[in-house]
Each structure stands twice: as structure tokens, then as C-alpha cells.
Amino acid sequence: MPELPEVETIARNLRPALVGKAILEADLCWKRTLAKPSAAKFKRDIRGQEIREISRRAKFLVIQLSTDFLIIHLRMSGDLLAIIGGYAPAKHDRFILKLSEDTTLVFHDPRKFGRVWLVKNPDEVLGNLGPEPLGSDFSAGWLYENLQRRKRQLKPLLLDQAFIAGIGNIYVDESLHMAKLHPLMRSNRVSEAQAEDLWRAVQAVLEEGIRRNGASIDWVYRGGDFQNHFRVYGRGGKTCPVCGTIIDRITVGQRGTHFCPACQVLER
DNA sequence: CACGAGACCTGTTCGC
DNA sequence: TGCGAACAGGTCTCGT
């Protein structure tokens with residue numbers, strides 16, 4: 001579920017409930033959820049540290065502790081909950097931190113794709129990420145230049161976290177639609193004006209997602225409502241809100257891809 | 001370098 | 001109603 005706006009929403013919600021609390025004990029329910037280090041070292045090292053700050057980098061949650069960084073990626077179905085008061089174990093809980101003041105941080109993840117790291121240096125995990133799309137290094141000029149240097153299809157390139165970090169399947173489809181660019185267009189054929197449109201669209205769509213507290217779909221509900229404002233994502237067979245044409249659904253890089261065949265024309 | 005397929009997982013929804 | 005197939009917010013690895 002979580003792309004940049006959803007992870008940002010989670011970080012904002014967790015911050016007031018967790019910052020300042022101490023970690024009493026870690027409990028790992030599904031072994032593979034822990035990416036680094038070993039379970040024994042993890043449990044030993046994390047105990048007694050205090051939660052200093054919670055932030056986001058791309059789709060990662062970064063929890064700064066007294067001496068280490070706890071980094072979490074929710075992948076497809078992960079969710080993080082701060083439970084104040086009695087904690088009752090639930091079916092898909094994979095990892096639990098018992099905190100001071102009767103608080104529990106629960107990592108709930110039905111599909112078990114999510115991962116957790118405990119590291120001294122966050123770059124060990126975050127070092128290969130591209131620029132933050134809502135950050136100052138992401139400019140129209142940077143985007144144009146870097147699109148020229150590749151010859152990839154736009155959609156898979158924008159999903160490549162080493163190229164730009166934080167965009168996922170929903171927001172890429174929405175961004176390309178807003179910029180009126182076809183998902184299969186070659187990146188090196190994007191004009192300077194089109195790159196500027198794409199730059200603007202990516203930021204607008206992500207900002208709207210954050211403003212609406214992210215998108216909540218299916219059984220993973222977190223209170224966001226961006227799902228009620230999708231223009232193309234998940235709307236194959238329905239009409240384009242801009243021109244009324246029927247939205248098409250294709251597969252690109254094994255991902256469902258939604259676009260308007262009239263607004264987003266593939267020139268060749 | 002670019003791309004497709006397969007893995008990793010469980011749950012829901014759809015078609016017959 | 002039952003049952004298999006398709007599909008789901010992500011990313012990694014391997015072969016071509």
C-alpha cells in the first residue's frame with residue numbers, strides 16, 4: 001500500500017505517540033522481517049534506546065534512536081501502529097516493540113514483504129536512493145537532463161528508486177496522466193517543456209496525496225481518502241475526467257498500468 | 001544498458 | 001456454493 005504520501009502520513013501520525021519513549025523489548029514474530037543484523041544482536045542492541053525522532057526518506061520510515069537508526073520499509077501490505085494501553089496480539093503482527101508508558105509499536109504485514117533494519121549509519125540502507133521528489137534537488141532541469149541520459153520507458157524509470165525515490169504504482173500513473181505523457185514513452189524523447197510538465201505533475205500529485213492523508217485501498221485502511229480522487233489508477237474502462245475517453249489498462253513491467261489513450265498519446 | 005520473468009507472501013475478488 | 005485464476009500499494013535477482 002504505501003508510497004511516499006502514505007509513509008509520510010504514517011510518520012506524522014506516529015511521531016507524537018512515540019518520540020521520547022524508551023524501548024523495553026523487541027519481539028520478532030516472523031524472522032525474515034528483520035533484514036539486519038542478526039535477531040540476537042538486534043534484540044540486544046535495541047533494548048534501552050530512546051526514540052528521538054521519526055522521519056521519512058522515500059518509502060522508508062527512519063526512526064532515530066539514542067545510538068542507532070531503526071529503518072522500516074512497509075513494502076506492499078505493511079502497516080505500523082502505535083498502541084497505547086493493552087496490546088492484544090493480532091494475526092499478521094510480524095514485529096513488536098514494547099515501549100515505556102504502556103505503549104507498543106506493532107508492525108503488521110499480511111504479505112510478509114516488509115523489512116526492518118537496525119544500523120548505525122542510515123546510508124547503509126538509504127545510500128542508493130535517487131532524489132526526494134518533494135525536495136530541493138529535484139528540479140525541472142535535473143529531471144530533463146537525467147531523462148535524456150537514459151533510454152527507458154517513462155513508467156519503469158519513474159518507479160526506479162535509484163532514479164527518483166518514493167513514487168509507486170498509483171502515483172506514477174496519476175503523474176503521467178496529469179503530465180499527458182504515455183507510460184511507454186522513451187525517456188530520451190521527452191522535450192524540455194514536457195519534462196517541466198512531468199516535474200510539476202509529480203509534485204502536485206504527491207502533495208495532493210499527502211494533503212488527503214494518502215490512499216487507503218482494500219483491507220489496509222488507514223483513514224486517507226486519496227483513493228476517491230484517482231483520475232486513472234484503478235479506473236480502466238471508466239472515463240477520463242479530462243476528456244471523457246475510456247481509460248485503458250495495460251501491463252508495463254508486470255504492473256497494472258492505467259492511462260487515457262486520448263490525453264497520453266505515444267508518438268513514434 | 002534495458003527489459004521480462006520469477007521469487008517472495010497472503011488475501012480478496014472474479015469468472016465459470 | 002465451490003474452486004481455480006487473476007490481481008494487489010514493492011523490490012530483488014537472474015537470464016537474454
Side-chain angles (χ1 to χ4, degrees), chain A residues 1-11 29-36 56-61 71-80 90-95 107-117 124-130 133 146-176 183-190 205-206 208-210 212-237 249-258:
Chain A
M1 173 212 164
E3 301 179 34
L4 186 156
E6 288 75 31
V7 179
E8 179 65 29
T9 301
I10 292 170
C29 320
W30 177 253
K31 217 180 166 190
R32 300 189 60 180
T33 295
L34 179 61
K36 219 170 203 173
R56 176 194 62 72
R57 168 73 169 107
K59 302 174 195 172
F60 292 84
L61 274 154
I71 300 181
I72 301 176
H73 197 304
L74 302 167
R75 294 280 179 92
M76 292 285 262
S77 62
D79 196 5
L80 272 178
K91 189 170 181 191
H92 301 297
D93 292 350
R94 307 301 180 200
F95 161 69
F107 180 37
H108 186 262
D109 183 25
R111 292 180 71 179
K112 300 176 174 172
F113 291 160
R115 291 294 180 267
V116 172
W117 294 257
E124 265 187 65
V125 181
L126 310 174
N128 284 329
L129 293 171
N146 284 279
L147 288 172
Q148 298 311 299
R149 291 170 43 187
R150 312 292 207 100
K151 292 182 185 167
R152 292 180 63 184
Q153 297 170 337
L154 279 183
K155 171 158 178 172
L157 182 57
L158 293 171
L159 288 175
D160 182 343
Q161 304 295 297
F163 183 76
I164 179 168
I167 300 172
N169 206 38
I170 293 175
Y171 294 89
V172 72
D173 282 4
E174 295 294 315
S175 297
L176 288 169
L184 296 179
M185 184 178 185
R186 291 285 158 180
S187 60
N188 60 321
R189 303 202 55 213
V190 171
V205 166
L206 292 174
E208 183 184 0
I210 292 173
R212 298 190 185 282
N213 297 313
S216 317
I217 308 181
D218 296 344
W219 74 98
V220 188
Y221 181 71
R222 195 185 286 85
D225 84 323
F226 187 51
Q227 70 278 9
N228 299 320
H229 302 271
F230 291 160
R231 290 134 177 113
V232 289
Y233 181 82
R235 299 191 64 248
R249 182 194 187 281
I250 60 175
T251 299
V252 178
Q254 291 149 269
R255 312 300 303 277
T257 298
H258 317 78

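For A/Lys112, taking side-chain heavy atoms from C-beta onward, the closest of the listed nucleotides B/dC9, C/dG10, B/dA2 is B/dC9. Closest to the A/Arg75 side chain, of the nucleotides B/dC3, C/dA8, C/dG10, is C/dG10. Checking C/dG10, B/dC9, C/dC7 against every side-chain atom of A/Arg111, the shortest atom distance belongs to B/dC9. Proximity note for A/Arg94 (side chain, C-beta onward) versus C/dT11, B/dA2, B/dT10: the nearest is B/dT10.
Using atom P as the reference point in both C/dT11 and B/dG11, the two lie 22 Å apart (nearest Å). The P atoms of B/dA5 and C/dA6 are separated by 14 Å, rounded to the nearest whole Å. Separation of the P atoms belonging to C/dG4 and B/dC9 is 22 Å when rounded to the nearest angstrom.
A/Arg249 comes within 4.0 angstrom of sugar-phosphate atoms only, judged by non-hydrogen atoms across all strands, and of no base. A/Gln254 comes within 4.0 angstrom of a nucleotide base, judged by non-hydrogen atoms across all strands. Using a 4.0 Å heavy-atom distance criterion, A/Tyr233 is classed as a sugar-phosphate-only contact.
A donor-acceptor distance shorter than 3.5 angstrom exists from the side chain of A/Ser216 to the backbone of A/Gly224, with no hydrogens or angles considered. Checking side-chain atoms of A/Gln161 against main-chain N and O of A/Leu159 turns up a donor-acceptor pair under 3.5 Å.
Within the structure, a side-chain polar atom (N or O) of A/His92 is placed less than 4.0 Å from OP1 or OP2 of B/dG11. Of the side-chain N and O atoms in A/Lys151, none sit less than 4.0 angstrom from OP1 or OP2 of B/dC1. Close to B/dC8, at under 4.0 Å from its OP1 or OP2, lies no side-chain N or O of A/Arg32. Residue A/Arg150 has a polar side-chain atom (N or O) positioned under 4.0 Å from OP1 or OP2 of B/dA2. In terms of phosphate contacts, A/Lys91 brings no side-chain nitrogen or oxygen within less than 4.0 Å of OP1 or OP2 of B/dT10.
The aromatic ring of A/Phe113 does not sit over the base of C/dT11; the criterion of centres under 5.5 Å apart with planes under 30° is not met.
Between the CD atom in A/Glu6 and the OH atom in A/Tyr171 there is a gap of 3.5 Å [rounded to 0.5 Å].
Separating the CD1 atom of A/Ile72 from the P atom of C/dG10 is a distance of 18 Å, rounded to the nearest angstrom. The separation between A/Asn169 atom CG and C/dC7 atom C1' is 12 Å, rounded to whole Å. Atoms CG (A/Leu159) and P (C/dG10) sit 7 Å apart, rounded to a whole Å. A straight line from CD1 of A/Ile71 to C1' of C/dG10 spans 17 Å, rounded to a whole angstrom. The separation between A/Met185 atom CE and B/dA2 atom P is 16 Å, rounded to whole Å. Nucleotide B/dC3 holds its P atom 10 Å from the CG atom of A/Leu184, rounded to whole Å. Taking atom CG of residue A/Leu154 and atom C1' of nucleotide B/dC3, one finds them 15 Å apart after rounding to whole Å. At whole-Å resolution of the value, CZ in A/Arg149 and P in B/dC1 are 11 Å apart.
Here the two rings, on A/Phe226 and A/Tyr233, have centers that are 6.0 Å apart or farther.
Heavy-atom minimum distance, A/Cys29 versus A/Phe95: SG-N, 4.0 Å.
Nucleotide B/dC9 forms a pair with no other nucleotide shown, judged by Watson-Crick or G-U wobble geometry with both contacts under 3.5 Å.
In summary, of the residues considered (A/Arg56, A/Arg57, A/Lys59), a salt bridge (charged side-chain N to carboxylate O under 4.0 Å, His left out) with A/Glu8 occurs for A/Arg56 alone.
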